[in-house]
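To keep things clear, I will list the structure first and then write my remarks on it.
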Amino acid sequence: MDRPLPNIVEQAIFSSPLLAPILDRWDEISLPDCWLVAGAVAHTYWNKVHEFPPTYGIKDVDIAYFDTAETSEEAEITQELRIRQLFNGLPVGFNVKNEARVHLWYEQKFGYPISAYTSSKSAIKTFPTTAGAIGLRPRTTALEVYAPFGFRDLVGLTVRPNKMQITRAIYSEKVKRWQSIWPRLRIVDWDEERESFSL
């Protein structure tokens with residue numbers, strides 16, 4: 001789903017001392033099909049609602065790109081190191097992933113195989129929670145946003161499993177940490193939603 005961010009979310013992002021500088025220098029990242037994604041976006045908004053410092057609880061910034069021409073682990077590491085250096089003044093780590101190669105290592109890490117993604121958007125659509133399944137990047141006049149499950153859960157502080165790919169264990173590990181940091185979150189139990197949420 002491509003549509004503008006809710007104003008309150010956009011305000012949190014552009015006032016963030018982590019995300020605003022990254023978006024300001026987005027052209028320097030220079031990776032194909034590249035998006036700022038997932039946790040740092042949601043967590044920035046959660047901090048605003050909780051009236052916490054804007055960097056509170058944010059371990060790293062996730063950047064997803066899609067490059068079928070170069071799917072080696074070495075190339076991905078090189079890009080991550082380059083981006084870390086580019087933003088070495090920010091007090092946060094970077095997790096830079098080529099979504100075109102995720103299927104090559106996923107089974108070894110998580111114990112079950114997945115199909116190859118066809119774009120960064122196809123990867124975002126499988127992210128573990130509906131609130132965190134979001135990608136954004138600057139365009140000429142506004143942010144381009146991809147949120148396949150919309151913004152209802154994000155704005156409503158609701159953490160709901162997106163069961164397209166993850167397991168109960170992966171979901172439980174994530175929400176345990178998040179609930180300890182952002183106590184106003186409403187956690188939807190894995191068994192409460194029998195099927196993947198959609199608008």
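No donor-acceptor distance shorter than 3.5 angstrom exists from the side chain of D67 to the backbone of P32, with no hydrogens or angles considered. Without hydrogens or angle criteria, Y45 side chain to I8 main chain gives no donor-acceptor distance under 3.5 Å. Not a single donor-acceptor pair under 3.5 Å links the side chain of T129 to the backbone N or O of V159. In this structure a side-chain-to-backbone donor-acceptor pair under 3.5 Å is present from T44 to A40. Judged by distance alone, with hydrogens and angles left aside, the side-chain atoms of T126 form a donor-acceptor pair with the main-chain N or O of A123 at under 3.5 Å. Judged by distance alone, the side chain of R25 and the main-chain N or O of L86 form a donor-acceptor pair under 3.5 Å.
Ring pair H43/W178 is perpendicular by interplanar angle, where above 60° counts as perpendicular and below 30° as parallel.
Two residues are said to be in side-chain contact when any heavy atoms from C-beta on lie closer than 4.5 Å; E80 and N95 meet this criterion.
Judged by distance alone, the side chains of N47 and W182 do bring a donor and an acceptor atom under 3.5 Å apart. When only modelled atom types and interatomic distance are considered, Q79 and R82 share a side-chain donor-acceptor pair under 3.5 Å. Side-chain atoms of Y112 and T167 form no donor-acceptor pair, as typed in the model, at a separation below 3.5 Å.
More than 12 heavy atoms of other residues, nucleotides or ligands sit less than 6.0 Å from atom NZ of K97. Atom CG of N88 has more than 12 neighbouring heavy atoms from other residues, nucleotides or ligands inside a 6.0 Å radius.
Under a hydrophobic-cluster definition in which Ile, Leu, Val, Met, Phe, Trp and Tyr are linked whenever side-chain heavy atoms come within less than 4.5 Å, directly or via other members, V96 and I77 are assigned to different clusters. Residue L104 is not grouped with residue V102 when hydrophobic side chains (ILVMFWY) are merged at heavy-atom distances under 4.5 angstrom, including chains of intermediate members. Following chains of ILVMFWY side-chain contacts shorter than 4.5 Å, one can reach L157 starting from F52, so the two form part of one hydrophobic cluster.
Distance CD1/I166 to CZ/F127: 12.0 Å, rounded to 0.5 Å.
Across all their heavy atoms, R137 and C34 have their closest contact at CD-O, 3.1 Å. Scanning both residues, I22 and I29, for their nearest heavy atoms gives CG2-CD1, 4.1 Å.
Residues F66 and Y117 keep their aromatic ring centres 6.0 Å or farther apart.
Salt-bridge check for D191 with R168: passed, with a basic side-chain N closer than 4.0 Å to an acidic carboxylate O.
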